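In what follows, a structure is listed as structure tokens, so that the remarks can point back to it.
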Amino acid sequence: MIILKSPREIEEMRPASQIVADCHREIAKIIEPGITTLEINDMVARHIVKLGGKQFTKGYNGFPAETCASVNDVVAHGFPSRRKLENGDIVTIDIVVEYNGWFGDSGWTYAIGQVSPVAEKLMKVTKECLYIGIEKALPGNRLGDVTSAIQAHAESNGFSVVRDLLAHGIGRSLHEEPNYEHVGIAGKGIRLKEGMAMTIEPMINEGTYRITIDDDEWTARTADGKLSAQYEHTIVITGDGPQILTAQ
């Protein structure tokens, strides 16, 4: 069942998402060659507490950290580590925060130093996919209008869209309905309604859309070892258009 949020509930959701956004602003200040994703994770953990929020991911089904840190060919759910980030790496940091019983969720891909032309293009196109999808998140549209627009933009640029990891509704739980892939057919799927809160979070791969899962049962990688990028916002659908709650 999809849970529609009232205007009051949307305002109650906003602080959790803004803590997430503020964490990303802090990451942007410090991320550079030589830093480790574990150092980034620990900074985020402290910052969430400083702002009055609660982290969610550490301990969730055994996940070991407050952030997901996915480097290069890791699509999602990477573990923060002591490996120093190197010039040319790309890394997605995904953060979930709970505040007063409401959740916010946003992942962002960062370039480390000077990245390759293909990495730069992948990041650019992936971010474009996010905002193209958000533009289609209007009352009366179908979910397929969102996902097909994302898929068309990624594939027209020579990239692929991950199928096996899903976006989701969000609110008093991190994962609510709908759960959906970022591929589809325009005019198909559920009808979007005012009050729907959801993540839009395309994971776009340089090569194949297929993924593998490491023995840790969390780390998702591209099956061909090529790069992956992701940009994610928590949004709500309103009569005035989509509102981005995790806007930085």
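As the structure is a prediction and not an experimental result, all values here were calculated from the model.
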- Message: Does R25 have more than 12 heavy atoms from other residues, nucleotides or ligands lying within 6.0 Å of its CZ?
- Response: yes
- Query: Any ring-ring contact (aromatic ring centres under 6.0 Å, His included) pairs touching residues 225-248, not counting sequence neighbours?
  - Reply: W108-Y231, W108-H233, Y131-H233
- Item | Same apolar cluster (I L V M F W Y, side chains within < 4.5 Å links), W102/V96 | yes
- Task: Decide yes or no on salt bridge (Lys or Arg N to Asp or Glu O under 4.0 Å) for E11 and R8, but give the supporting numbers first.
- Result: CA-CA 5 Å; E11 291 308 308; R8 177 183 58 80; over 6 Å; no
- Query: Any salt bridge between E120 and K124, counting N to O under 4.0 Å?
  - Reply: no
- Task: Inspect the surroundings of NZ in K5 and state if more than 12 heavy atoms from other residues, nucleotides or ligands are less than 6.0 Å away.
- Result: yes
- Query: Are F63 and F103 grouped together when hydrophobic residues (ILVMFWY) are joined by side-chain heavy atoms under 4.5 angstrom apart?
  - Reply: yes
- Task: Compare every heavy atom of T219 with every heavy atom of G78, then report the nearest pair and how far apart it is.
- Result: CA-OG1, 4.1 Å
- Check the hydrophobic clustering (I, L, V, M, F, W, Y; side-chain heavy atoms under 4.5 Å; chains of links allowed) and say if V74 and I213 are grouped together. no
- Can you name the nearest heavy-atom pair linking P15 to Y99, along with the distance? CB-CD2, 3.6 Å
- Query: Going from CD on Q18 to CG on D22, what distance comes out if it is rounded to the nearest 0.5 angstrom?
  - Reply: 7.5 Å
- Task: Determine, for D145 against R142, whether the closest basic-nitrogen to carboxylate-oxygen distance falls under 4.0 angstrom.
- Result: no
- Query: Between atom CD of E12 and atom CG of N100, what is the distance when rounded to the nearest 0.5 Å?
  - Reply: 8.0 Å
- Roughly how far apart are Q151 CD and R163 CZ, rounded to 0.5 Å? 5.5 Å
- Task: Could you label the plane-to-plane angle of the W218 and Y60 rings as parallel, tilted or perpendicular, counting under 30° as parallel and over 60° as perpendicular?
- Result: tilted
- Item | Shortest non-hydrogen separation from V161 to A154 and the atoms involved | CG2-CB, 3.7 Å
- Taking the six-membered ring of F159, is the NZ or CZ of K226 close enough (under 6.0 Å from the centre) and on axis enough (within 45°)? no
- Task: Give every residue pair that meets the salt bridge (Lys or Arg N to Asp or Glu O under 4.0 Å) criterion with at least one member in residues 42-71, sequence neighbours excluded.
- Result: K58-E66
- Query: Side-chain heavy atoms under 4.5 angstrom apart, residues restricted to Ile, Leu, Val, Met, Phe, Trp, Tyr: same cluster for L130 and Y110?
  - Reply: yes
- Query: Rounded to the nearest 0.5 Å, how far does CG of L165 lie from CE of M203?
  - Reply: 5.0 Å
- Task: Group every Ile, Leu, Val, Met, Phe, Trp and Tyr by side-chain heavy-atom contacts under 4.5 Å, then state whether I40 and V97 land in the same group.
- Result: yes
- Note on the structure: Rounding to 0.5 Å, atoms NE2 (H24) and CD (Q248) come to a distance of 6.0 Å
- Go through the side-chain N and O atoms of T67 and N41 and say whether any donor and acceptor fall under 3.5 Å apart. yes
Taking distance alone, no hydrogens or angles, what donor-acceptor pairs closer than 3.5 Å link side-chain atoms of residues 182-190 to residues at least two apart or in another chain?
from, atom 1, to, atom 2, distance (Å)
H182, NE2, E201, N, 3.0

